[in-house]
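Take a look at the structure below.
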There are 2 protein chains.
Amino acid sequence: MVEDASPQGSECPVARTLESIGDRWSLMIIRDAFDGIRRFSEFQKSLGVAKNILASRLKTLVEVGVFDIRPASDGSAYKEYVLTEKGREIFPVVVSIRQWGERFLFKPQETRSVLLDNASGQPLMPLEVRSSNGQKLEPSDCHRMRLVNGVKDA
Amino acid sequence: MVEDASPQGSECPVARTLESIGDRWSLMIIRDAFDGIRRFSEFQKSLGVAKNILASRLKTLVEVGVFDIRPASDGSAYKEYVLTEKGREIFPVVVSIRQWGERFLFKPQETRSVLLDNASGQPLMPLEVRSSNGQKLEPSDCHRMRLVNGVKDA
DNA sequence: GAATCAGGTTTCAAATTGCAACCAGTCTTT
DNA sequence: AAAGACTGGTTGCAATTTGAAACCTGATTC
């Protein structure tokens, strides 16, 4: 009896990630959450997305473990959607997307929103891919490998 | 006469990025390109995507400037899709997505594909968001600001 | 207690996706 | 040089997903 190799999702972490949070609205919702948005109506107002779509996305994001539902912090009977640890760790993804967009999709003087460090008020350092010993890596400096049971596959 | 504030796309770099490369297939195509895939049929085989969808995505990725079309390097009359500088700079986005997936979407012993540094054969360093002076930043250490003509907006 | 707001669900039309068939140039094989 | 296969698509159609709007229930405010 052989165990099913992939009960859910692909073997590629990129593919599997995109399956759970990889649509436009989910990432925009998460971006808003990083700005402190927690309530359904606030997400809806900020994004302008249809309510049924927002409800559906929030539901799957909760199922996937990116958001928790909690009673609202203002004591009302309503709920709040707050990022879990798993959700907060999406921060580098959103920041790298933001930095790419700032660099390649805006003209220098064009109006944009930027992310600043609270302490210094300065823009963030550009994210760079580095090897385990700190060397900066280009795409061509890396290769993919299949890892089966923690061991390299032929 | 007032200039139109946003002729195309949102003011948020995250939103604008997701508009151009933010669907599942586009990012998967780019991921494959980082693995050296260049030909239409190779993308199609690797991704299992419908040919009309692939054609449509490649077309917009070329229009957006992420890919260039070049004559095939093997001397045949066919074409190749190769990443531009702009396209190669999506690397941190793909790597951050990959690292999040590896960490949160796989059980420890589960078969997966990993990205290794050619030089050392080791996994990459986890991407971290840092301030301009190198301090590691959490989402709550940052704030968004609107930048109009290079100047902070009220 | 009436009106309003939060957080949805339902309905239906429109857009997108995916599959399969087809097609025009290339390239290889004989 | 003709036959067959491969490359890089396009076209048509069915199925799924998306989006706008109306509606609804419980909580809150007036």
Close side-chain approach of [X] and [Y], heavy atoms under 4.5 Å:
X: B:L115; Y: B:R98; answer: yes
X: B:Y81; Y: B:R39; answer: no
X: A:V66; Y: A:E85; answer: no
X: A:K152; Y: B:L116; answer: yes

Shoot me the first and last contacting nucleotide of DNA chain D against chain A, ordered 5' to 3', at under 4.0 angstrom to non-hydrogen atoms.
->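 Reading along DNA chain D, I get D:dT18 to D:dT28.
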A correct 5'-to-3' footprint of nucleotides 18-23 of chain C, with B, S and - meaning base, sugar-phosphate only and no protein heavy atom under 4.0 Å, is BB----
Determine, for nucleotides 24-30 of chain C in 5'-to-3' order, which nucleotides have protein heavy atoms under 4.0 Å from the base (write B), from only the sugar-phosphate (write S), or from neither (write -).
-> -BBS---
Any side-chain donor-acceptor pair under 3.5 Å between A:S131 and B:Q122?
-> no
Verify the distance criterion only: is there a donor paired with an acceptor across the side chains of A:D68 and A:T84 at less than 3.5 Å?
->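 Result is no, nothing qualifies.
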Which pair of non-hydrogen atoms, one from [X] and one from [Y], has the smallest distance, and what is that distance?
X: A:L137; Y: A:C142; result: CD1-SG, 4.0 Å
X: B:A33; Y: B:F43; result: N-CE2, 3.9 Å
X: A:W25; Y: A:R57; result: CB-CG, 4.2 Å
X: B:K51; Y: B:F40; result: O-CZ, 3.7 Å

Partners passing side-chain contact (heavy atoms from CB on, under 4.5 Å) against A:R112 (at least two apart in sequence or in another chain) |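 Listed in chain order: A:E102, A:F106, A:V114, B:L147.
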Quick one: list whatever passes side-chain hydrogen bond (donor to acceptor under 3.5 Å, both in side chains) with B:R70, sequence neighbours left out.
->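 If we apply the side-chain hydrogen bond (donor to acceptor under 3.5 Å, both in side chains) test to B:R70, skipping adjacent residues, there are no hits.
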Starting from [atom2] on [N], measure out to [atom1] on [X] and report it in whole angstrom.
X: A:K45; N: C:dC5; atom1: NZ; atom2: C1'; result: 13 Å
X: A:I29; N: C:dG8; atom1: CD1; atom2: C1'; result: 14 Å
X: B:E19; N: C:dT16; atom1: CD; atom2: P; result: 13 Å

Output yes when at least one side-chain N/O atom of A:Y81 is less than 4.0 Å from OP1 or OP2 of C:dG8, else no.
-> yes
Can a salt bridge be assigned to the pair A:R88 and B:E138 using a cut-off of 4.0 Å between side-chain N and carboxylate O?
->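 Salt bridge absent between A:R88 and B:E138.
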Hey, which of these two, A:S56 or B:I69, hits DNA chain D nearer its 5' end, going by closest nucleotide?
->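 Nearer the 5' end of the strand: B:I69.
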What parts of residues 36-44 of chain A reach DNA chain D, counting only heavy atoms under 4.0 Å away?
-> none
How is B:R57 classified with respect to the nucleic acid when contacts are heavy atoms under 4.0 Å: base, sugar-phosphate, or nothing?
->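 Sugar-phosphate, backbone atoms only, no base.
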